[in-house]
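When a ligand or atom number is given, it counts from 1 through the structure's own listing order.
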Amino acid sequence: MQISLETKPYAALGTDALVSYVFEEADPVQGRISELDQAANGLLRNLAKSGELTGKTLEMTLIHAPGGLKAARLLLVGAGKREQFTSATLRKIAGAALRFLKVRSVKQFAILVRENNATDEFTQSIAEGALAANFESDKYKTEKKNDKSIDTLVLTGYSDADRSAGEKGLSRGRIIAEAQNFARDLINEPSNKLTPKILAEKAEAMAKQAGLAVEILDEKKIADLKMGALLSVAQGGPEPPRVMVVTYTPAHLKPGAPVIGLIGKAVTFDTGGISIKPADGMEKMKYDMAGGATMLGVMRALAVLKPNVKVICVVPSTENMPGGTAQKPGDIQTAMSGKTIEVLNTDAEGRLILADGIHYAKQLGATHLIDAATLTGAIVVALANVNAGVFGSDQPFTDKLLASSKATGEKMWQMPIDDDYREFIKGTVADIQNIGSGKGGGAITGAMFIKEFTGDSPWIHLDIAGTAWNDDAKPWLAKGPTGVALRTLVHLVMSY
Ligand code: BES
Ligand code: ZN
Ligand code: ZN
């Protein structure tokens with residue numbers, strides 16, 4: 001999709017649809033909307049009077065052949081209360097407008113930004129919202145919905161003075177949304193089309209194209225490094241594991257500066273292993289590599305945005321299969337760090353592969369660790385599909401992430417990991433066990449297990465099991481992978 005900025009008068013803009021947004025306030029026909037109303041001979045005021053135009057969040061009012069305007073259609077989207085309006089609202093408005101229009105076979109449309117919105121930040125959010133909304137999960141359909149996709153978007157309502165800020169936001173928005181769609185594309189792939197080996201090839205190709213350093217560890221190198229926790233999961237099936245290491249190094253590396261480690265869980269299919277999952281819904285476990293895909297997407301964006309900080313991305317990848325050689329409940333494994341683990345449930349495999357991924361990232365020089373993983377069903381119980389779970393060992397670092405989550409409109413909620421929870425994973429026959437002893441708090445138990453491998457390094461764990469996949473389409477996003485956490489993490493790294 002092409003996106004461009006327009007500084008010419010918007011009332012005279014020839015387009016398939018002119019979109020703007022209306023606030024829910026005593027008089028919704030104000031500011032630029034009242035200019036539109038004048039050009040359209042009072043049409044909008046009449047709609048407001050009749051109660052059809054209220055500004056309620058994502059209310060859609062479509063007018064064909066609006067007299068006085070050159071546009072073929074006028075679409076007004078409700079923006080909710082003005083006091084609550086942020087760039088996150090505008091991102092959703094842009095996405096919802098695009099999806100509303102594309103099913104009506106519109107190919108080209110324009111968004112008129114409201115007064116004070118022709119800025120860097122708001123333009124970025126429009127680009128992000130529109131590009132993410134244009135994504136469909138129809139790669140394997142022989143009849144593509146893509147025939148119904150938007151080709152051209154014009155952003156209008158900019159003055160000459162706004163142009164340079166607008167262009168900056170537009171370009172950043174495109175980089176981020178395309179990285180998000182790259183991750184969503186990987187997450188969508190079924191496990192027969194995306195094994196750990198294939199994921200590693202795709203990661204390598206992405207890194208090379210982006211100009212990032214990349215190393216792929218194969219099963220032999222993984223064994224040499226004694227990644228016993230990762231290998232224990234991989235032994236259940238014939239597909240060999242991989243560890244992807246993608247590194248971004250800034251042009252000027254300050255000695256003693258923090259090095260950020262991004263570790264993503266990439267289980268390309270999670271059957272549960274010998275502790276096998278029920279058949280119902282198991283097909284969804286192809287998205288158990290969303291954490292890894294998201295981290296690779298973050299690196300793809302960082303390669304272009306060029307932050308001032310070094311970032312090492314480590315993605316351990318395997319299937320979790322219940323083959324004849326699979327590990328069994330009660331087996332004891334030795335992680336790369338040397339810690340021994342009693343595997344009481346082979347379905348708690350994400351924490352096992354992250355244990356080795358995190359230890360390796362530290363060994364490579366990462367000082368600040370962030371992992372993302374579809375780790376637990378328990379986080380879905382706690383936070384549903386609304387907030388991602390955030391667990392942090394260092395409050396200032398965690399606060400920084402929460403600020404980025406707020407700024408980028410990705411909802412996240414902090415969960416506790418105080419020492420009282422350490423009891424849950426204390427081992428009886430090994431150092432630690434991979435599940436808690438039946439006391440609830442499953443998402444916290446998972447986090448506490450991972451924490452064992454972080455040492456003294458500031459660390460954040462994101463449990464995205466509930467938020468990485470939309471079971472139903474949203475007005476602004478297709479059903480399927482969301483690419484959640486990518487925008488937050490890019491924002492966080494850029495803030496260094
Ligand atoms: N991949 C799952 C977690 C998951 C659940 C992701 C639902 C997405 C949606 C993970 O490996 C898992 O199976 N976790 C177990 C842990 C339990 C055995 C302690 C779970 O949550 O049931
Ligand atoms: Zn599992
Ligand atoms: Zn899993």
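Residue T445 does not touch ligand 1, judged by heavy-atom distances below 4.0 Å. The proximity of D288 to ligand 1, defined as any non-hydrogen pair under 4.0 Å, is limited to the side chain.
The closest donor-acceptor contact from the side chain of T346 to the backbone of S275 lies under 3.5 Å. No donor-acceptor distance shorter than 3.5 angstrom exists from the side chain of K286 to the backbone of E189, with no hydrogens or angles considered. Proximity of a side-chain donor or acceptor of N181 to a complementary backbone N or O of L131 within less than 3.5 Å is detected.
Considering every non-hydrogen atom in both L186 and M289, the closest pair reads O-CE, 3.5 Å.
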For T445 and T376: C-alpha separation, side-chain torsions, deciding distance, then whether side-chain contact (heavy atoms from CB on, under 4.5 Å) applies. CA-CA 9 Å; T445 310; T376 66; over 6 Å; no
Between L364 and E215, does a side-chain contact (heavy atoms from CB on, under 4.5 Å) hold up when you go through it step by step? CA-CA 12 Å; L364 292 175; E215 195 192 355; over 6 Å; no
Checking Q414 against Q395 for the side chain to side chain donor-acceptor pair (under 3.5 Å) test, could you report, in this order, the C-alpha distance in whole Å, the side-chain angles of both residues, the deciding distance, and whether it holds? CA-CA 10 Å; Q414 187 173 2; Q395 200 53 44; 3.0 Å; yes
For side-chain contact (heavy atoms from CB on, under 4.5 Å), just list the numbers for I370 and L492, CA-CA rounded to whole Å, side-chain angles, deciding distance to a tenth of an Å, and then say yes or no. CA-CA 11 Å; I370 308 176; L492 174 68; 3.4 Å; yes
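Of the options I126, I111, L98, V77, a side chain to side chain contact (heavy atoms under 4.5 Å, CB included) to I93 is made by V77 and by none of the others.
Considering each of A378, G377, G350, G442, the one bringing a non-hydrogen atom nearest atom 21 (O) of ligand 1 is G377. Which of V267, D270, N385 comes nearest to atom 2 (C) of ligand 1 through a heavy atom is settled by distance: it is D270.
The protein atom (non-hydrogen) at minimum distance from atom 14 (N) of ligand 1 is L375 O, 3.3 Å. For atom 16 (C) of ligand 1, the closest non-hydrogen atom on the protein side is R351 NH2, 3.8 Å. Summary of contacts: the protein heavy atom closest to atom 15 (C) of ligand 1 is D347 O, 4.1 Å. If you check which protein heavy atom lies closest to atom 7 (C) of ligand 1, you get M285 CE, 3.8 Å.
Taking 4.0 Å as the cut-off between side-chain N and carboxylate O, R422 and E452 count as a salt-bridged pair. Salt-bridge check for E204 with K208: passed, with a basic side-chain N closer than 4.0 Å to an acidic carboxylate O.
Contact annotation: K284 has no heavy atom less than 4.0 Å from any atom of ligand 1. Taking a 4.0 Å cut-off on heavy atoms, M289 fails to register as neighbouring ligand 1. At a 4.0 Å cut-off, at least one heavy atom of N345 sits close enough to ligand 1 to count as contact. Using a 4.0 Å heavy-atom cutoff, Y287 is listed among the residues neighbouring ligand 1.
Atoms of ligand 1 found under 4.0 Å from any heavy atom of E349 (numbered from 1 in listed order, with element): 11 (O). Here is the list of ligand 1 atoms found below 4.0 Å of a heavy atom in K265: 1 (N), 10 (C), 11 (O). Atoms of ligand 1 lying under 4.0 Å from any heavy atom of A465, numbered from 1 in the order shown and given with element: 6 (C), 8 (C). Each of the atoms 19 (C) of ligand 1 lies under 4.0 Å from some heavy atom of I435.
At a 3.5 angstrom cut-off on N or O pairs, A348 does not count as close to ligand 1. The shortest N/O to N/O separation between K277 and ligand 1 falls below 3.5 Å.
At a threshold of 2.8 Å, the Zn ion (ligand 3) has a backbone or side-chain N, O or S atom of E349 nearer than that distance. Using a cut-off of 2.8 Å, one finds that D288 contributes no N/O/S atom close to the Zn ion (ligand 2). Residue K265: an N/O/S atom is found under 2.8 Å from the Zn ion (ligand 3).
Closest approach between the Zn ion (ligand 3) and any N/O/S atom of D270 involves OD2.
Atom-to-atom distance recorded for N192:CG and F269:CZ is 10.5 Å, nearest 0.5 angstrom. Atoms OG1 and CD, from T340 and Q433 in turn, are 11.5 Å apart once rounded to the nearest 0.5 Å.
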